[in-house]
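Here the structure is laid out as structure tokens; the discussion comes afterwards.
Reminder, nothing fancy here: chain letters follow the sequence lines and each chain counts from 1.
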Amino acid sequence: MKLLIKKGRIIDPSQGIDQIGDLLVEEGIIKGIADDIPSDQYTKVFWAEEKWVLPGLVDIHVHLRDPGQEWKEDIETGTRAALYGGVLRVACMPNTVPPNDTPEITSYILKKAEEKGYVKVYPIGCITKGQKGEELTEFGRLKEAGVVAVSDDGKWVANSEVMKRALLYAKQFNLAVISHCEDPTLSQGGQINEGFFSAKLGLKGIPWSAEVSAVVRDLLLAKETRQPVHLAHLSCKEVITFLRWAKEENIPFTAETCPHYFYLTEKEVDGYNTLAKVNPPLRKEEDVLAIKEALKEGLIQVIASDHAPHSVLEKELEFSLAAPGMIGLQTLLPLSLSLVKEGWLNPLRLAECLITNPAKVINIEPPSFKSGKKAEFIVFDPNKQYVLEPTLIQSKSKNTPFLNKELQGITVLAVIGEKVWELNQPV
Amino acid sequence: MDLTSKPQHVLDIASLSSEEIKSFLELGEALKEILKRPIPKVPTLRGRLVVLLFYEPSTRTRFSFDRAAKALSADTLTFSAKGSSIEKGESLLDTVKNLEAIGAELVVIRHPMEGAPHFIAKHAHIPVVNAGDGTHEHPTQALLDLLTVKERLGDFSDIKVAILGDIKHSRVARSDILAFQKMGAKVYVSGPAHLLPTSLEEEYFRIYPGGFKVCYDPKEAIRDADVVIALRVQRERHGKPLIPSFTEYQTFFGLTFKELELIKKGALLMHPGPINWGVELSPEVEQYSFQVILDQVENGVAIRMAILLKLLTGGKTYEVTH
Ligand SMILES: [Zn+2]
Ligand SMILES: [Zn+2]
């Protein structure tokens, strides 16, 4: 079968391409890009005028909740949400029940992803057994089973010596180390950003120092061990100074943020809105601005969703009992588009943050439009305006502050090999 | 009396306008007369069902609401943390649904978690009164404090209120800081520095320029004050010690006659209770002529009557039967 994508804006960060043109796929393989490719009677043509044609996004921070919390999400629904969001590869965090700290769990995830998954799944293993922060997991055996990175996400590895050992040992197996930067002694019991709204709502605040002190410790260890650390979901202004310093010092690191940290502020939690409860917390306008500047400056290189499904059972509660986190696979690209609309990044740079840079962190080759590669791409309509109704959400959980809100930009086509999905079409 | 505005709930001082506050105070003052009658009871709310939902042990506030409801002839049902389905781990959402099924017409809630009353208000179709939610607010306490000050001093303009203690974890302080400013008073707070609002939080507490000040020196807060409110001090919260010792607290932040020399002549001394004598208040100050702690208790009943009446009837019924 031949598939011809006509007159789209083709953006491929792996080759630095951003041009209007045609893309031809034959039998699930990229044939090439040209200004005008003629079609024949055997060709299925998809018109992509005014649309973006992008390699599939790579989201390296996703919670699929499988095994153990399948009422929130499972590998099938989570990867379907990814597909609908244009995310064709996901790396899933290990804080499942039980946590992914053994090759058996890794194999379970990969097997289920193979059978039920819509997109490719890359498991992330735990840094420490049971995420207890004490004893390293079997990095070697986990790697053999298929993990691409290790992380105790949800928790920071508070014991500095254990973290140092992890950085050194991970290098031996070419595993990325992803740190959830939060000093628990400063954040414990905290519910929302410390400041105006913690004063207003009487909830315990989480100060920015909880994030920054963790980041600085991790950067010092990266400097000392000369091994890279990936800093997950950065959210505050004060952290940027230290990223700049780390860059000047040539410390090996990569940094990540999530759309909610450059799209929303702490205002969202007013009225005890548990949908806006997330960790790290939503912060102030000045933090949002600083995160955008850091993306522009290249100090933060990765945008990930931190897709964190929770059912109403965990969200329709007293604020302090509600679980932190929001789903994000389907809003990742629409919200990130705001960075282009506001002039912070051009589409190619945005594509780097969503495709090539995250792939580099977990040492995989990103999807691309190079001839001969497997087709793995999406067509995205950046102009489409719509309301994010619950029926559009493919996750089992609907916990997003964007529920029933107006969004712009939606994935309309996804292609993986010979499989083609026309998505999100109005009914 | 303004009867046009009928607030739906009393969730926090933050969401009440100064007009609404004033009308509660006026109604509270008027209702106090009922409590002084030989038979302190009127039939205004006969047959109405008020549910008192107490997730935290509290005798004073619960008794005060109960007394207020009964003075208006309302029926009350009390659920307290011990012995009800609350203890069995029923979710707040389910409890709310049950309340409505029972026929509750108004719910008063005391809860250890901030925003629990707001959660109920979001899901229930009946008025909700916050009787204290975690470290958030205790609006009826602030209203009774206002009533007490109004009775004694008449007016709030140019009044300086000093609040001493653990401001950060006090729902009483949070409500009082807003309530006194909304009525035109200035509020100065002091206590151990780590238990005071941070500079990031001050912005929220200051309702008008000069209306709110955080003082590291307790003397600065109480000097020339018209009202001094001492808060109950807890040595620890959730197992974590907040102050090094009671002796240390008493020495540097407790009120004795020596400190009271700094306040204005005739200034009021208040405390939301229960008092740790010998910690925040030295026992001798019980003899201070202007301590109005028992007035507060009485005004608590009156102001809660006003709240029940306003929320259940808009305040009109009382006018008719008065
Ligand atoms: Zn995390
Ligand atoms: Zn996460």
Side-chain angles (χ1 to χ4, degrees), chain A residues 71 184-212 235-238 265-277 281-287 310-324 403, chain B residues 9 11-15 55 86 89-97 109 111-123 130 132-139 167-175 177-178 189 196-207 212 214 237-240:
Chain A
W71 70 90
T185 59
L186 284 164
S187 67
Q188 203 175 45
Q191 300 293 324
I192 59 174
N193 188 39
E194 182 174 281
F196 187 90
F197 286 93
S198 65
K200 176 170 185 190
L201 302 176
L203 294 165
K204 186 167 190 290
I206 302 175
W208 54 259
S209 56
E211 177 169 322
V212 178
S235 70
C236 65
K237 181 183 84 175
E238 282 77 7
T265 66
E266 57 176 356
K267 275 199 213 79
E268 298 292 320
V269 301
D270 202 7
Y272 299 97
N273 178 13
T274 57
L275 290 178
K277 179 175 173 179
L282 301 177
R283 306 217 191 242
K284 296 165 89 78
E285 202 67 65
E286 62 197 60
D287 296 294
H310 293 294
S311 79
V312 287
L313 293 174
E314 291 110 11
K315 280 291 188 184
E316 293 240 308
L317 290 173
E318 297 90 321
F319 199 91
S320 301
L321 293 181
L403 193 65
Chain B
H9 308 288
L11 296 176
D12 43 41
I13 296 294
S15 59
Y55 285 79
I86 293 172
E90 182 179 79
S91 82
L92 197 52
L93 194 58
D94 285 340
T95 305
V96 172
K97 288 175 188 159
I109 178 173
H111 199 284
M113 278 166 204
E114 302 77 19
H118 306 68
F119 179 87
I120 294 190
K122 212 184 281 177
H123 291 98
N130 180 1
D133 62 328
T135 55
H136 177 226
E137 280 215 35
H138 194 352
I167 308 296
K168 209 179 172 80
H169 300 107
S170 169
R171 54 191 171 209
V172 174
R174 208 172 288 270
S175 290
I177 288 167
L178 300 180
V189 299
L196 296 176
T198 65
S199 55
L200 288 168
E201 292 173 329
E202 266 184 60
E203 187 197 339
Y204 170 72
F205 288 114
R206 188 168 298 113
I207 289 185
F212 177 69
V214 176
R237 270 187 78 79
H238 307 305
K240 283 189 227 161

Would you name the heavy atoms of A/Glu318 and B/Ala116 that are closest together and state the gap between them? CG-CB, 4.1 Å
How far does CD of A/Glu194 sit from CG of B/Leu200, to the nearest 0.5 angstrom? 6.0 Å
Within a strict 4.5 Å, meaning less than it, do heavy atoms of the A/Gln188 and B/Lys240 side chains meet? yes
With no hydrogens and no angle check, is any side-chain donor or acceptor of B/Arg174 less than 3.5 Å from a backbone partner on A/Leu201? no
Would you say B/His136's side chain and A/Lys200's backbone share a donor-acceptor pair under 3.5 angstrom? yes
Smallest separation among heavy atoms of B/Glu114 and A/Gly202, with atom names: CG-O, 3.3 Å
Which of parallel (below 30°), tilted (30 to 60°) and perpendicular (above 60°) describes A/Tyr272 and B/His118? tilted
Less than 4.5 Å apart, side chain to side chain, heavy atoms only: is that true for A/Glu316 and B/His123? yes
Turns out that what part of B/Thr198 lies under 4.5 Å from chain A's heavy atoms comes down to side chain
Need one label for B/Asp133: side chain, backbone, both or neither, based on atoms under 4.5 Å from any heavy atom in chain A. side chain
Smallest separation among heavy atoms of A/Gly195 and B/Glu201, with atom names: O-CG, 3.5 Å
Looking at B/Glu202, B/Glu203, B/Glu137, which has the largest count of heavy-atom pairs under 4.5 Å with chain A? B/Glu203
